[in-house]
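Following: one structure in structure tokens, then a few remarks.
None of the values given here were measured: they were computed from a predicted structure. We name chains A, B, ... by the order of the sequence lines, and we start the count at 1 in each one.
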Protein chains: 2
Amino acid sequence: MGRAPSTTHAEISHTALLLFMDRGFDQTTVDDIAREAGIGRRTFFRYFPSKNDLPWGQFDILLDRMRAHLASLPDEMPLMDQLRESILEFNRVPETEWAYHRRRMDLLLHVPTLLAHSTLRYASWRQVVAEHVARRLELPEDDLIPQTMAWTCLGVCLAAYEQWLGDEDSTLLDLLDQAFRLIDERIDTSTVQAHRSASM
Amino acid sequence: MGRAPSTTHAEISHTALLLFMDRGFDQTTVDDIAREAGIGRRTFFRYFPSKNDLPWGQFDILLDRMRAHLASLPDEMPLMDQLRESILEFNRVPETEWAYHRRRMDLLLHVPTLLAHSTLRYASWRQVVAEHVARRLELPEDDLIPQTMAWTCLGVCLAAYEQWLGDEDSTLLDLLDQAFRLIDERIDTSTVQAHRSASM
DNA sequence: GATACTAATGACACTCAGTGCCGTTGTGAA
DNA sequence: TTCACAACGGCACTGAGTGTCATTAGTATC
């Protein structure tokens, strides 16, 4: 009971993203966002802990889903296949939102403030990966191997995202899939040779 | 010519770090630092672009040194050996400063604000690694392989740093060396088995 | 329908990081 | 001494984020 909320996280987030895309992140103040969303400035900070959190929206929910997805896969499945499949699932976005998603990720990866802030989200994401790897390999979570694999997975994803952002005609899931299949093999000279000739 | 500087980057940085370690990063204001360093608040911002930049100090210089070190190594040397050796060199710190370095890195890795801000420094560091890998493998810098290797190297370093911070008696360079030798081999079940039995 | 309870809201004042502006101060050279 | 110049520091300003508190609008009860 009590007074009904006058807005939603999604509504504020969407309003703000449009402003960011229009005039830039740094040029948009919280006052601008609150005014545009028709709420008070103080109310804004009850929905989002900071301006930096706007582009991420419901990240925790996605993380829970990924954790569950990883846990649901059979132990017989090779570890890298589990990771690749779950990460693809994590990055699946309805085709109708591809353009929006592209602009959102462009902000997150290219606005310094957001790039820095995203580290905190990536840490949670890596934790999910590291937990799974640790469980599968029966190693402690803070062991070098799970930690390094989590960093590598993050790197692969971000490298694929950069490629995606740089090529209007590419498809995110294809790039992610290719990237994971590539690093699944040992990265040595022969792999590199094959990779290079394939990309020409 | 002109008026002589009344302080140095190192002096401000050192003063600030002591305050951070004493009362915490968030509990220390720029006014506190300026007062303690005997300079005006406005002068502080002429030496450092932000409070977040204090713990990093002279990072650019270290980066240049690492770039030069990588370039000086013979092409016959295996790529992973080049990276390992340069990274060890990059992380070499005089034994007299180990305790200080430990507390400094503890701040950088465990204070959320600094953790986030460090991303921007890591990006420059990864760039150095990626450039070298790209040159050695004759691939474009933004190719997936150099980018992923750079992320992996960063992950290895940070995982080793975490281990170091967690164990008072450990030596940073030893941990880094072990970590790099470990991931140099293919991370598969047999490697993991060997690793696990060795760490018991 | 009046009343009580409750949760969301928004106004206000405050702290602190960071910036632009400008007059002041100290130094070496003419 | 004087001039030029660079570092300095004070001041006022913007904008993010927080604590406090009165107000508003729903719901349940009588």
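Counted within 6.0 Å of CD on Glu36(B), heavy atoms from surrounding residues, nucleotides or ligands total 12 or fewer; the atom is thus considered open.
What separates CZ of Arg23(B) from P of dC16(C) is a distance of 11 Å, to the nearest Å. Between Asp53(B) atom CG and dA17(C) atom P there is a gap of 14 Å when expressed in whole angstrom units. In this entry the distance linking NZ of Lys51(B) with C1' of dC16(C) reads 8 Å, nearest Å. In this entry the distance linking CG of Asp32(A) with P of dG15(D) reads 8 Å, nearest Å. Put simply, CZ on Phe44(A) is 18 Å from C1' on dA11(C), counting in whole angstrom units. To the nearest angstrom, P of dA17(C) lies 7 Å from CG of Asp31(B). Remark: P of dA17(C) and CG of Leu54(B) are 11 Å apart, rounded to the nearest angstrom. As rounded to whole Å, 11 Å separates atom P of dG15(D) from atom CD of Gln27(A).
The aromatic rings of Phe59(B) and Phe90(B) sit perpendicular to each other, their planes meeting at more than 60°, with 30° as the lower class boundary.
Here Asp60(A) contributes atom CG and Ser124(A) contributes atom OG; the two are 7.0 Å apart, rounded to the nearest 0.5 Å.
The existence of a salt bridge linking Asp106(A) and Arg102(A) is excluded, since no basic side-chain nitrogen approaches an acidic carboxylate oxygen closer than 4.0 Å. Ion pairing of Arg84(B) with Asp81(B) is present here, as a side-chain N (NZ or NE/NH1/NH2) and a carboxylate O approach within less than 4.0 Å. A salt bridge does not link Arg135(A) to Glu141(A): none of the charged nitrogens lies less than 4.0 Å from a carboxylate oxygen.
Two end axes, each from the C1' atoms of five base pairs, can be drawn for the helix from dG1(C)-dC30(D) to dA30(C)-dT1(D); they diverge by 10°, to 10 degrees.
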### Nucleotide-resolved protein contact map, nucleotides 1-9 of chain C, B/S/- at heavy-atom distance under 4.0 Å
----BBBBB
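Side-chain atoms of Ser118(A) never come within 3.5 Å of backbone atoms of Arg121(A) as a donor-acceptor pair (strictly under, hydrogens ignored).
Along DNA chain D, the nucleotide nearest Arg42(A) and the nucleotide nearest Thr28(A) are compared for position; the residue whose nucleotide lies closer to the 5' end is Thr28(A).
Using a 4.5 Å heavy-atom threshold, the side chains of Glu85(A) and Met77(A) count as touching.
When all heavy atoms of His9(A) and Phe48(A) are compared, the pair lying nearest together is O-CZ, 3.5 Å.
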